[in-house]
J.: 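Please read through the structure below; I'll follow up with questions.
These numbers were taken from a predicted model, which means no experiment stands behind them. Numbered from 1 within each chain, the chains take letters A, B, ... in sequence-line order. Only this structure's heavy atoms are used, side chains among them; waters, hydrogens and symmetry mates stay out.
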Amino acid sequence: MNSLIAPPQSLEELMLRADALAGKTIGEIASNINITVPDNLKVKKGWQGQFLEQCLGADSGNLSQPDFNHLGVELKTLPIDLLGRVEESTYVCVLNLIDHQLLQWQQSAVCKKLGHVLWVPIAKRAEQGVTESLIATPFLWKPSLEELEILKSDWENVMELVSLGKIDLLNARLGEVLQVRPKAAHSRVTTKAYGANGEIIDTLPRGFYLRASFTQKILSDNLKI
DNA sequence: AGGTGATCATTA
DNA sequence: TAATGATCACCT
């Protein structure tokens with residue numbers, strides 16, 4: 001889905017565009033720009049995210065940088081139900097298992113991407129299609145100092161295991177708010193990593209994800225009153 | 001290949 | 001039934 005809409009020139013312009021979507025259904029917005037909505041997301045898992053990117057004029061493609069790079073803002077859709085409960089974890093970025101030497105938290109992709117996020121909650125209506133899903137209130141978020149410390153700690157714990165070649169110890173149970181999970185087309189895909197003796201090994205590619213409990217708190221903290 | 005966008009579906 | 005591990009599509 002290529003961007004047909006020019007990137008917003010300012011944060012204000014981005015938020016005006018985002019706010020204009022609030023309260024509308026995916027179907028309404030899609031018909032206005034002649035986009036066909038899939039019946040379900042089984043084989044279109046990233047569709048909502050790409051759709052919102054197009055609606056808002058994101059232009060970073062698959063580069064490892066924030067969606068609105070000139071604004072330093074990352075766009076994330078957040079699947080919720082009608083009661084505002086977060087239904088899925090949030091992918092952040094890949095975990096680089098090779099080029100991590102001397103990488104500090106402030107220089108990491110996780111830190112850069114989560115520095116400033118535009119969250120767009122999308123409420124899926126039970127028993128109804130994607131067309132009926134409702135855009136809730138988008139909001140800008142910067143992690144608090146406390147949140148930043150937890151993210152940094154989670155990230156450093158993972159990177160320590162990676163540095164020590166303890167790839168086998170990585171699993172989704174680690175991390176208070178930031179977890180590591182597989183990130184690949186399927187389980188036979190491999191990527192390079194360092195083993196415990198410094199040798200190169202093949203292992204399943206992993207990515208960083210935010211736990212739903214964390215994004216749930218972010219959402220709750222940002223509810224309008 | 002390996003990144004982006006994620007949700008699916010089986011397990012615990 | 002929540003969470004982990006697996007998987008799907010598109011882009012460069």
J.: What's A:Glu74 touching, base or sugar-phosphate or nothing? Going by heavy atoms closer than 4.0 Å.
T.: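 If one applies the 4.0 Å heavy-atom cut-off, A:Glu74 turns out to touch the sugar-phosphate alone, with no base involved.
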
J.: Nearest-Å distance, CH2 (A:Trp47) to P (B:dT7)?
T.: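 After rounding, the gap between these two atoms is 12 Å.
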
J.: For A:Lys124, which contact category applies under a 4.0 Å heavy-atom criterion: base, sugar-phosphate, or nothing?
T.: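 Since no nucleic acid heavy atom lies under 4.0 Å of A:Lys124, the category is nothing.
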
J.: Hey, is the side chain of A:Ser187 poking within less than 4.0 Å of OP1 or OP2 on C:dT7, counting only N and O atoms?
T.: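 Checking C:dT7 against A:Ser187, a side-chain N or O does come within under 4.0 Å of OP1 or OP2.
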
J.: From CG of A:Leu41 over to C1' of C:dT7, roughly how many Å is that when rounded to an integer?
T.: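 Atom-to-atom, A:Leu41 to C:dT7, this comes out as 14 Å.
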
J.: Which residue, A:Asn96 or A:Asn40, contacts DNA chain B at a nucleotide closer to its 5' end, judged by nearest heavy atom?
T.: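 Residue closer to the 5' terminus by nearest nucleotide: A:Asn96.
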
J.: Between the base of B:dG2 and the side chain of A:Lys192, is there a donor-acceptor distance below 3.5 Å?
T.: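 Per atom types, no contact qualifies.
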
J.: Specify the separation, in whole Å, of atom CG of A:Asp81 and atom P of C:dT1.
T.: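 Distance check: A:Asp81 CG to C:dT1 P gives 13 Å.
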
J.: Would you kindly give the CD-to-P distance between A:Glu87 and C:dT1, to the nearest whole Å?
T.: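 A:Glu87 atom CD is separated from C:dT1 atom P by 13 Å.
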
J.: Side-chain contact test, heavy atoms from C-beta onward, threshold under 4.5 Å: evaluate it for A:Trp155 versus A:Cys111 and give yes or no.
T.: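 No. Closest side-chain heavy atoms not under 4.5 Å.
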
J.: Are the side chains of A:Arg125 and A:Leu82 in touch, meaning some heavy atoms are under 4.5 Å apart?
T.: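 Heavy-atom side-chain distance check passes, below 4.5 Å.
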
J.: Once rounded to the nearest 0.5 Å, what's the spacing between atom OG1 of A:Thr90 and atom CZ of A:Phe214?
T.: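 Taking OG1 in A:Thr90 and CZ in A:Phe214, the distance rounds to 10.0 Å.
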
J.: Could you give the CD-to-C1' distance, from A:Glu88 to C:dA6, as a whole number of Å?
T.: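 Spelled out: CD on A:Glu88 to C1' on C:dA6 is 12 Å.
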
J.: Could you walk me through whether A:Ile135 and A:Leu52 pass the side chain to side chain contact (heavy atoms under 4.5 Å, CB included) test, one step at a time?
T.: CA-CA 10 Å; A:Ile135 308 284; A:Leu52 262 293; 4.2 Å; yes

J.: What residues from residues 203-213 of chain A pass a heavy-atom cutoff of under 4.0 Å to DNA chain C?
T.: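 Those residues are A:Leu204, A:Arg211.
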
J.: Got A:Phe68 and A:Leu14 here, is their nearest side-chain heavy-atom distance under 4.5 Å?
T.: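 In short, these two side chains touch, coming nearer than 4.5 Å.
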
J.: Are the side chains of A:Ile167 and A:Tyr194 in touch, meaning some heavy atoms are under 4.5 Å apart?
T.: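 Answer no - side chains too far apart.
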
J.: Is A:Asp81 close to A:Glu87 at the side-chain level, that is, under 4.5 Å between some pair of heavy atoms?
T.: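 Side-chain contact under 4.5 Å: yes.
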
J.: Roughly how far, to the nearest 0.5 Å, is the CD atom of A:Glu149 from the CD atom of A:Glu156?
T.: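 So the CD of A:Glu156 and the CD of A:Glu149 are separated by 8.5 Å.
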
J.: C:dA9 P sits how many Å from A:Tyr91 OH, rounded?
T.: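 After rounding, the reported distance stands at 18 Å.
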
J.: Among C:dC10, C:dT7, B:dT7, find the nucleotide with the atom closest to the side chain of A:Arg188.
T.: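 Shortest atom-to-atom distance from the side chain points to C:dT7.
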
J.: How many whole angstroms separate atom CZ of A:Arg85 from atom P of C:dA3?
T.: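 Checked: the CZ to P distance equals 13 Å.
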
J.: Among A:Leu71, A:Leu56, A:Val73, A:Asp59, find the one that has a side chain to side chain contact (heavy atoms under 4.5 Å, CB included) with A:Pro8.
T.: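 The passing option is A:Leu71.
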
J.: Should the side chain of A:Lys42 and the base of B:dT7 be counted as holding a donor-acceptor pair, with the cut-off at 3.5 Å?
T.: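 No, the side chain and the base share no sub-3.5 Å donor-acceptor pair.
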
J.: Using the closest heavy atom to pick a nucleotide of DNA chain C for each, name whichever of A:Ser89 or A:His186 lands nearer the 5' end.
T.: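 That would be A:Ser89.
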
J.: Less than 4.0 Å between a side-chain N and a carboxylate O, is that true for A:Lys192 and A:Asp202?
T.: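 Answer for the salt bridge query: yes.
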
J.: Give one of base, sugar-phosphate or nothing for A:Gly46, where a contact means two heavy atoms less than 4.0 Å apart.
T.: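 If one applies the 4.0 Å heavy-atom cut-off, A:Gly46 turns out to touch a base.
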
J.: With side chains defined as the heavy atoms from C-beta onward, is the minimum distance between A:Phe51 and A:Ile29 less than 4.5 Å?
T.: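 Yes. Closest side-chain heavy atoms under 4.5 Å.
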
J.: Looking at A:Arg173, does any N or O in its side chain come under 4.0 Å of the phosphate oxygens OP1/OP2 on C:dG5?
T.: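 For C:dG5, OP1 or OP2 has a side-chain N or O of A:Arg173 closer than 4.0 Å.
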
J.: Provide the closest heavy-atom pair for A:Leu134 versus A:Gly23 in the form atom of the first, atom of the second, distance.
T.: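 Minimum heavy-atom contact is CD1-O, 3.7 Å.
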
J.: On DNA chain C, compare the nucleotides closest to A:Gln179 and A:Ala185; which residue's is nearer the 5' end?
T.: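 Closer to the 5' end of DNA chain C: A:Gln179.
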
J.: Please list, in numerical order, the residues of residues 107-123 of chain A that have a heavy atom closer than 4.0 Å to any atom of DNA chain C.
T.: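 Those residues whose heavy atoms fall under 4.0 Å from DNA chain C, taken from residues 107-123 of chain A, amount to none.
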
J.: With respect to the phosphate group of C:dC10, does any side-chain polar atom (N or O) of A:Lys44 fall under 4.0 Å of OP1 or OP2?
T.: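 For C:dC10, OP1 or OP2 has a side-chain N or O of A:Lys44 closer than 4.0 Å.
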
J.: Determine: side-chain N/O of A:Lys183 to OP1/OP2 of B:dG5, distance under 4.0 Å, yes or no.
T.: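 No, no such contact exists.
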
J.: Around A:Gln104, counting heavy atoms of other residues, nucleotides and ligands shown, do more than 12 lie under 6.0 Å from its CD?
T.: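 For A:Gln104, atom CD is not crowded (no more than 12 foreign heavy atoms under 6.0 Å).
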
J.: Does anything in residues 163-172 of chain A come within less than 4.0 Å of DNA chain C? Heavy atoms only, and list the residues if so.
T.: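 Close to the strand are A:Asn171, A:Ala172.
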
J.: A:Asp39 has an atom CG; how far is it from atom P of B:dT7, in whole Å?
T.: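 Rounding to the nearest Å, CG of A:Asp39 and P of B:dT7 are 17 Å apart.
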
